K.L.:
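I have a structure here, written as structure tokens, and I will follow up with some questions on it.
For the single chain, residues carry numbers from 1 onward in sequence order. What you see is a predicted model, and the numbers here were worked out from it, not measured in a lab.
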Amino acid sequence: MSISTSVLSDLLKSLPYLRPQLYFKASLTALSHAMEDQVLAGTLVQPLVIASFQRERFYRQEAHRYQRLALRSNQIYVLSAPETDFANSSEHYEKVAFDSKDGLSQEWHLVVIADNYATCLVCRENLGSIAKNKQLPELSPNLDIDTARRFEGIWTSERGVSLKAAELLLDRISVYRPELVSKIEEARQRFGIGKPRNHSGAEQVNEYACDIDTDPFVQRLVTYLQASQYKLHKAYRSIAVQARKEQLVNSISTAIRRSLDPREVLQVAAQELGQHLEACRCLIYRAQATDTQAIIEHEFLNPGVLSVRGQTWELEKNSLFRDIVEQGEGVCVSDTLSEPRVTNSPGLSMIAKKFAIRSWLIEPVFYQGRLLGIVELHYCRMPPHECQPGELDLVEAIATQVGAALIQAEAYANLEELNQQLEALDRTRSNLIAITGHELRTPLSTIQVCLESLASEPDMPLELQQIMLNTALSDSERMRKLVQDFLTLSNLESGRVEWHPESLTLQECVDLALSRNRTRSSTEKPPQIKTKIPESLPLIRADGDWLVEVLAKLMDNAFKFTPPQGEITIKAIYNSRQMVEVTVADTGRGIEPNRLEVVFDRFYQEEGALRRTTGGTGLGLAICRQIVNGWGGEIWAESTGKDQGSQFHFTIPIVQSSHEEKRTKVKSK
């Protein structure tokens with residue numbers, strides 16, 4: 001005999017007139033207790049009791065009852081698949097540990113046979129109910145969803161059926177406990193189990209069929225119990241659905257509280273919603289009412305379903321999206337093959353076909369009447385999915401949570417921007433204090449020492465007096481430049497500068513800037529300066545004074561960081577964008593690639609504010625950027641790294657008519 005076969009199947013084959021029924025677990029528990037109570041009441045003399053509990057965990061709940069039953073009979077057999085310590089033994093009653101792969105692991109049996117009484121319960125678990133129950137959330141312990149398990153089988157008081165069930169189970173016990181054969185044989189002999197009757201097969205069937213339960217009250221009681229259990233099961237299912245909805249909303253709310261990253265929140269929402277509603281694909285993406293396109297950002301996929309992440313959804317001619325914007329509510333398409341809004345739109349038809357969308361649910365994400373995004377559910381299976389009211393309510397609830405997440409992310413981004421601005425202002429304040437303190441204190445100290453020396457030493461040699469005066473004048477000029485830079489940058493940033501654009505030649509402005517830088521201290525040996533300004537350059541249009549200021553500050557910057565043996569080059573080209581590009585290049589200290597942009601920040605210094613050796617306020621390049629931006633140009637820096645030199649480029653608009661005249665003259669030559 002194969003131990004993998006079902007006892008219920010063997011019983012139905014042996015007695016084909018039997019018709020199995022469906023039972024809830026609660027019903028079977030009540031029937032089992034009633035059968036056991038008949039033995040415990042002492043009305044049966046030394047009965048045979050065989051119980052099979054599927055798994056050890058189910059047996060442990062009833063172990064105490066079987067210890068009491070063992071006091072009433074020595075023919076008690078309990079079967080179970082071991083999970084911890086359940087094993088073959090004969091301590092109180094006969095324990096039979098069967099293989100977990102045995103068909104018994106899916107069945108529930110209880111057989112009670114006495115001299116004047118017999119009843120049996122033989123059921124097999126309905127695996128479909130198990131799959132459904134696995135989808136339910138964990139509820140309160142008071143709401144035991146285990147009672148929703150359903151079984152298919154036979155419960156009867158027919159003696160012939162009970163004897164046959166006992167025979168099948170005793171055969172199975174003999175396989176696992178061969179040492180009990182003599183004890184089992186004793187039970188067979190006493191109750192006539194397995195003995196053929198002196199009738200033909202047809203007569204035997206009729207005899208079993210006539211041996212029916214004559215107690216209609218018991219039958220009505222079972223029917224009532226089944227009906228009550230069905231109502232309870234429906235109530236459990238309703239509560240479970242509501243609990244799952246609350247759990248889903250709470251999980252997304254928790255994600256929102258846990259993370260300010262909208263990508264994480266939206267991915268959690270797509271994953272949870274897609275799984276709960278058993279969609280093939282769930283999408284969440286940002287979209288506003290005026291958008292013509294949207295990029296799919298967040299996606300949940302079932303295995304084997306084509307991904308659309310990163311795809312661009314066209315919204316301008318999307319009739320479903322337009323309906324959402326106009327009506328302010330979601331759209332549910334049960335069958336894309338028969339929906340006019342899809343079939344009449346080439347774009348939507350292509351999407352539905354390419355991504356195998358058969359049913360389509362689209363829910364807008366609104367916040368205070370403003371469209372922020374879209375939630376989409378795709379069903380790619382047959383038959384088409386009919387949207388249920390509960391599903392629509394759930395998707396709407398999730399969309400509300402998604403809207404809160406997007407608004408929170410938007411507010412966080414604004415707060416981050418404000419924080420960055422505050423940090424920049426704080427850095428500016430700190431740098432201003434440090435630099436002005438250094439740049440003002442040092443020359444003031446020098447001027448004070450020089451003047452005190454001149455005042456206290458009237459007999460000081462004239463040569464030394466001249467040195468003192470020159471030093472005081474030099475440092476007072478340094479202070480004047482510092483104050484002037486502050487005022488210049490303040491005026492430029494506040495827009496209080498009046499621009500006076502005019503037609504100029506670049507060479508003239510370069511010469512003026514060079515003459516200004518020649519006034520630097522004669523004690524410093526300047527690097528070699530080369531200019532490469534083509535004569536064919538068109539006239540430029542800019543404010544001459546400010547252009548000279550830019551050139552002078554860029555040259556001054558190159559002087560600071562280029563050694564005397566180095567070289568500074570000033571060149572210009574016409575860059576074919578109606579602009580002249582000027583470059584001030586040097587062979588000096590160079591700039592790290594990650595600092596090519598920050599060098600234009602206010603108060604930026606290559607060295608620390610209080611330990612630099614080159615002096616200056618760190619405002620020169622910031623002033624240059626403000627000036628160049630004022631005439632509509634661009635300024636940027638290039639360098640390959642430390643000690644590799646640097647190049648500062650800026651552009652100036654040209655005078656159009658002058659450019660045409662220059663081109664004509666070149667051609668005529």
Side-chain angles (χ1 to χ4, degrees), residues 7-8 11 15 18 20-21 23-54 58-80 92-96 104 107-124 147 151 153-170 172-173 183-184 186-194 208-226 228-229:
V7 172
L8 177 62
L11 182 63
L15 306 174
L18 293 176
Q21 295 183 4
Y23 296 91
F24 288 99
K25 182 186 176 183
S27 303
L28 296 183
T29 301
L31 290 170
S32 299
H33 286 176
M35 294 165 64
E36 294 161 359
D37 289 344
Q38 188 78 7
V39 178
L40 291 172
T43 58
L44 305 178
V45 179
Q46 291 292 320
L48 168 65
V49 179
I50 307 173
S52 177
F53 283 97
Q54 295 183 294
F58 303 131
Y59 154 75
R60 287 197 298 265
Q61 300 171 10
E62 304 292 334
H64 67 286
R65 290 178 65 86
Y66 279 84
Q67 288 187 11
R68 291 167 57 199
L69 287 169
L71 300 176
R72 300 291 180 181
S73 175
N74 64 351
Q75 286 285 348
I76 306 294
Y77 301 87
V78 176
L79 298 84
S80 177
H92 298 288
Y93 42 82
E94 302 298 345
K95 289 185 181 180
V96 181
L104 294 174
E107 296 188 335
W108 186 345
H109 313 118
L110 180 59
V111 178
V112 178
I113 298 177
D115 296 328
N116 59 345
Y117 176 83
T119 185
C120 72
L121 180 62
V122 179
C123 293
R124 182 174 182 82
T147 58
F151 292 76
I154 302 296
W155 169 73
T156 181
S157 295
E158 298 178 25
R159 188 172 186 84
V161 177
S162 300
L163 291 174
K164 185 62 181 177
E167 178 186 353
L168 294 171
L169 286 169
L170 288 173
R172 193 66 61 92
I173 293 171
K183 186 175 182 178
I184 292 171
E186 179 184 335
R188 291 179 188 270
Q189 291 295 332
R190 177 183 168 192
F191 299 111
I193 298 172
Y208 287 153
C210 293
D211 187 14
I212 62 174
D213 182 13
T214 58
D215 190 346
F217 173 77
V218 175
Q219 293 288 356
R220 283 196 294 271
L221 182 61
V222 172
T223 302
Y224 176 78
L225 183 61
Q226 286 284 88
S228 300
Q229 185 62 26

K.L.:
Begin with the C-alpha distance, continue with both residues' side-chain angles, and end with the deciding distance and a verdict on ring-ring contact (aromatic ring centres under 6.0 Å, His included) for Tyr23 and Trp155.
P.N.:
CA-CA 9 Å; Tyr23 296 91; Trp155 169 73; 7.5 Å; no

K.L.:
Is there a side-chain contact between Leu79 and Ile50, using heavy atoms and a 4.5 Å cut-off?
P.N.:
yes

K.L.:
Are the side chains of Thr156 and Cys120 in contact, using a 4.5 Å heavy-atom criterion?
P.N.:
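Side-chain contact under 4.5 Å: yes.
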
K.L.:
Please step through side-chain contact (heavy atoms from CB on, under 4.5 Å) for the pair Tyr59 and Gln54, ending with a clear verdict.
P.N.:
CA-CA 8 Å; Tyr59 154 75; Gln54 295 183 294; over 6 Å; no

K.L.:
Say you draw a straight line from CD1 of Ile154 to CG of Leu8; how long is it, rounded to the nearest 0.5 Å?
P.N.:
6.5 Å

K.L.:
Just how far is it from atom CG of Leu40 to atom CZ of Arg72, taken to the nearest 0.5 Å?
P.N.:
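One gets 7.0 Å once the value is rounded to the nearest 0.5 Å.
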
K.L.:
Would you give me the side-chain donor-acceptor pairs under 3.5 Å for residues 29-36, sequence neighbours excluded?
P.N.:
unit_1 : atom_1 : unit_2 : atom_2 : d
Thr29  : OG1    : Lys25  : O      : 3.0
Ser32  : OG     : Leu28  : O      : 2.8
His33  : NE2    : Glu62  : OE1    : 3.3
His33  : NE2    : Glu62  : OE2    : 3.3
Glu36  : OE1    : Arg65  : NE     : 2.7
Glu36  : OE1    : Arg65  : NH2    : 3.2
Glu36  : OE2    : Tyr66  : OH     : 2.7

K.L.:
Just verifying a value: how many Å separate Gln75 CD and Ile184 CD1, rounded to the nearest 0.5 Å?
P.N.:
8.5 Å

K.L.:
Any heavy-atom pair between the side chains of His109 and Val7 that's under 4.5 Å?
P.N.:
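Yes, side chains in contact.
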
K.L.:
Could you work out, with side chain to side chain donor-acceptor pair (under 3.5 Å) as the rule, every residue matching Asp115, not counting sequence neighbours?
P.N.:
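Partners of Asp115 by the side chain to side chain donor-acceptor pair (under 3.5 Å) criterion, ordered by chain and then number, come out as Arg190.
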
K.L.:
Just verifying a value: how many Å separate Phe53 CZ and Trp108 CH2, rounded to the nearest 0.5 Å?
P.N.:
7.5 Å

K.L.:
Kindly compute the distance separating CG (Leu69) from NE2 (His64), expressed to the nearest 0.5 Å.
P.N.:
10.0 Å

K.L.:
Output yes when Lys183 and Glu186 qualify as a salt bridge under the 4.0 Å nitrogen-oxygen rule, no when they do not.
P.N.:
no

K.L.:
Taking all non-hydrogen atoms of both residues, which atom of Leu11 and which atom of Lys164 are closest, and how far apart?
P.N.:
CD1-CG, 3.6 Å

K.L.:
Measuring from Arg124:CZ to Leu104:CG, what's the distance to the nearest 0.5 Å?
P.N.:
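Answer for the CZ-CG pair, Arg124 versus Leu104, is 9.5 Å.
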
K.L.:
In the structure I gave you, are the side-chain heavy atoms of Leu48 and Ile193 within less than 4.5 Å of one another anywhere?
P.N.:
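The answer is yes; the side chains approach within 4.5 Å.
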
K.L.:
So, for Pro47 and Ala114, which heavy atoms are closest and what is the spacing to 0.1 Å?
P.N.:
CB-CB, 4.1 Å

K.L.:
Side chains of Glu107 and Phe151, heavy atoms from C-beta outward: is any pair under 4.5 Å?
P.N.:
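When only atoms from C-beta onward are counted, Phe151 and Glu107 do not touch, as no gap falls below 4.5 Å.
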
